[in-house]
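Here's the structure we're looking at; comments come further down.
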Protein chains: 2
Amino acid sequence: MENRIEKIKKQLHSQSYKLTPQREATVRVLLEHEEDHLSAEDIYLLVKEKSPEIGLATVYRTLELLSELKVVDKINFGDGVSRYDLRKEGAEHFHHHLVCVECGSVKEIEDDLLGDVEKIVESQWEFKVKDHRLTFHGICNKCQNRENE
Amino acid sequence: MENRIEKIKKQLHSQSYKLTPQREATVRVLLEHEEDHLSAEDIYLLVKEKSPEIGLATVYRTLELLSELKVVDKINFGDGVSRYDLRKEGAEHFHHHLVCVECGSVKEIEDDLLGDVEKIVESQWEFKVKDHRLTFHGICNKCQNRENE
DNA sequence: TATAAAACACAAATTAATATCATTACAATT
DNA sequence: AATTGTAATGATATTAATTTGTGTTTTATA
């Protein structure tokens with residue numbers, strides 16, 4: 001935990017940004033809810049619990065900054081709000097998501113499944129791939145079992 | 001063209017919706033701009049050219065309806081607006097997009113590149129895939145050439 | 001043609017996100 | 001230590017996209 005904060009601090013410093021208390025509080029919330037795909041509003045409320053004086057705009061600005069630095073990925077499942085995911089350490093790419101259309105749960109996949117597909121895209125369409133985002137919509141493990149009962 | 005409108009009409013009727021003049025005008029705009037990834041506002045302005053009395057809310061409701069019926073796909077490239085793409089005839093899946101980070105152009109790919117990947121997801125995570133959305137971010141053909149000059 | 005349901009236009013409300021701006025924190029410099 | 005300049009902050013207003021009322025009109029069908 002402290003370790004990862006240290007790293008993010010260095011990443012900020014390398015671009016001459018500072019890890020202010022507000023930014024640190026925001027990062028801590030992200031670290032404590034890594035699996036949760038929180039919206040900016042969610043994050044704001046959680047940060048506020050420990051640092052009640054923080055403003056919503058600051059949270060937005062922090063998330064925007066972290067997004068530029070590729071510390072977090074800003075994702076959009078089409079429900080009107082942006083969500084923010086910490087990028088896993090060392091991960092070069094955006095991770096993928098499995099969104100269950102029954103229960104709404106979101107599972108993450110770290111594996112890079114698209115190596116071959118990217119090669120096809122690069123050769124066939126002469127498109128230099130920098131990043132990708134892939135989401136599957138379907139029915140999760142649990143909901144499948146529930147239906148079979 | 002008329003053919004495809006006929007089909008959409010039947011699809012609406014099958015769920016006991018009507019293809020009203022306003023809805024038809026909206027569908028025509030979509031058909032005439034199939035490659036363009038229009039926003040609701042864009043579509044509204046185009047429909048208005050031929051049917052000036054239409055309301056924006058009607059366009060939104062129409063797009064929402066078409067989206068439910070899987071006639072169009074509602075997509076979001078993270079720029080704050082939803083865009084609406086006609087689903088290709090017979091296409092079971094969402095098509096993919098190549099978004100150029102230089103010039104903002106968007107190219108579509110019809111090919112189903114994810115057959116193998118879906119199999120992996122289904123077996124390894126026991127997730128029944130219904131649909132997917134895949135977007136690549138990178139540098140398009142034209143911008144690559146421009147940079148090399 | 002009568003009738004009820006559906007769809008409509010327009011206005012108003014909601015919501016996420018951004019912009020503005022006065023204030024504050026902080027580091028570098030004198 | 002005082003000064004100065006820059007960046008960050010918080011409160012609030014504003015914007016922009018979308019959704020939701022409301023009363024009216026259209027449409028299908030009996």
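Here is the naming used below: chain letters follow the sequence lines, and residue numbers restart at 1 for every chain. Bear in mind that the values here come from a model prediction, so they are computed numbers and not experimental data.
Following rounding to the nearest Å, Leu63(B) (CG) and dC8(C) (P) show an atom-to-atom distance of 12 Å. Asp42(B) places its CG atom 15 Å from the P atom of dA16(D), with the value rounded to the nearest Å. Atom CG of Leu19(B) is separated from atom C1' of dT27(D) by 13 Å (rounded to the nearest Å).
In this view, Glu108(B) and His37(B), Asp85(B), Lys88(B), His95(B), His97(B), Glu110(B) satisfy the side chain to side chain contact (heavy atoms under 4.5 Å, CB included) rule, not counting sequence neighbours.
Val81(A) places none of its side-chain heavy atoms less than 4.5 Å from the side chain of Glu41(A). Between Val101(A) and Asp131(B) the shortest side-chain heavy-atom distance does not fall below 4.5 Å.
For the pairing with Thr58(B), the side-chain contact (heavy atoms from CB on, under 4.5 Å) check across Glu53(B), Gln22(B), Arg23(B) returns one residue only, Gln22(B).
Within 6.0 Å of the NZ atom in Lys48(A), the count of heavy atoms belonging to other residues, nucleotides or ligands exceeds 12. Residue Tyr17(A) qualifies as open at atom OH: its count of foreign heavy atoms under 6.0 Å is 12 or below.
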Treating primed atoms plus P, OP1 and OP2 as sugar-phosphate and everything else as base, which nucleotides of nucleotides 6-11 of chain D get B, S or - for protein heavy atoms under 4.0 Å?
--SBBB
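Under 4.0 angstrom from either OP1 or OP2 of dT18(D) there lies at least one side-chain N or O belonging to Tyr60(B). Here Ser82(B) reaches the OP1 or OP2 of dT18(D): one of its side-chain N or O atoms lies under 4.0 Å away.
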